[in-house]
Amino acid sequence: MPLAPAATRAQALGSNAVFYDIVRQIGGIPDISDHLLDAANDEFLTTYGAAAQREFVYALRTGAIAERIKQASPEIQEQAAFVARLLYTGEVMRDGAYKAIYYPWCLGWKSLTFATAPGTCGGPAFGHWAHHPVTGDM
C-alpha cells in the first residue's frame, strides 16, 4: 500500500537520504564519496545536533539550493557554509582551530584536473609516495 504524502514526508525527514541529497547539491556534484557524505552527516550532528539537522533538511529540501539558502535563516546559512567548507577543504573545527581531517577526500581535489591529494596518486594507501623507494632514476 503506498504511503500517504504526510507519511512520505515524515519518512524522508527521518532518513539521511534527504540530508545527503542536500549535501550533494551544496557540493555541486553528484559523485561525492560515501566517506565524505558520512563525514558531513557525523560532523553536522556533532556540531549542531539532530534537531538542527531536521530543521536544516526541512528548510532546504525543495527548490533550487542557492535560492533556498539565500532565503533561509542565518543559522541555516551558517550550517550550509559549514557543509561547503567540509566538502571542499576537508576542514572541521577541533579544539578551537580548523583541522583538515577529511583533506584526502575533499572536493577541492575534484575541481583540479592536474592534481590529486598528496599521496593518493598511486599505491594502496594515503601517503604512498612518502614511502617511495629510491631507484636512482631521478
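- For the residue pair Leu86 and Ala39, the shortest heavy atom distance occurs at CD1-O, 4.2 Å.
- Annotation for Ala80 and Phe56: closest pair N-CE1, 3.7 Å, computed over non-hydrogen atoms.
- Taking hydrophobic clusters as Ile, Leu, Val, Met, Phe, Trp and Tyr residues chained together by side-chain heavy-atom distances below 4.5 Å, Leu37 shares a cluster with Ile29.
- A salt bridge links Glu43 with Arg94: the distance from a Lys NZ or Arg NE/NH1/NH2 to an Asp or Glu carboxylate oxygen falls below 4.0 Å.
- Residues Gln77 and Lys70 come closest through the heavy atom pair NE2-O, 3.1 Å.
- The aromatic ring centroids of Phe82 and Tyr48 lie less than 6.0 Å from each other.
- Separating the CD1 atom in Ile32 from the CD1 atom in Ile26 is a distance of 9.0 Å, to the nearest 0.5 Å.
- Nearest heavy-atom pair, Cys106 versus Gly90, reported as atom, atom and distance to 0.1 Å: CB-N, 3.5 Å.
- Although no hydrogens or angles enter the test, the distance criterion places no donor-acceptor pair under 3.5 Å between the side chain of Tyr102 and the main chain of Leu87.
- For the pair Arg54 and Tyr58, the NZ or CZ position fails the cation-pi test of under 6.0 Å to the six-membered ring centre and within 45 degrees of the ring normal.
- In this structure, Glu55 CD and Gln79 CD are separated by 7.5 Å, a value rounded to the nearest 0.5 Å.
- Met93 and Tyr103 end up in different hydrophobic clusters when Ile, Leu, Val, Met, Phe, Trp and Tyr side chains are linked at under 4.5 Å.
- Rounding to the nearest 0.5 Å places CG of Asn41 at 11.5 Å from CG of Leu36.
- Atom OH in Tyr88 sits 5.0 Å away from atom CG in Leu107 (nearest 0.5 Å).
- Taken from CD in Gln53 to CG in Leu45, the straight-line distance is 4.0 Å, to the nearest 0.5 Å.
- The CG atom of Asp21 sits 11.0 Å away from atom CZ of Phe19, with the distance rounded to the nearest 0.5 Å.
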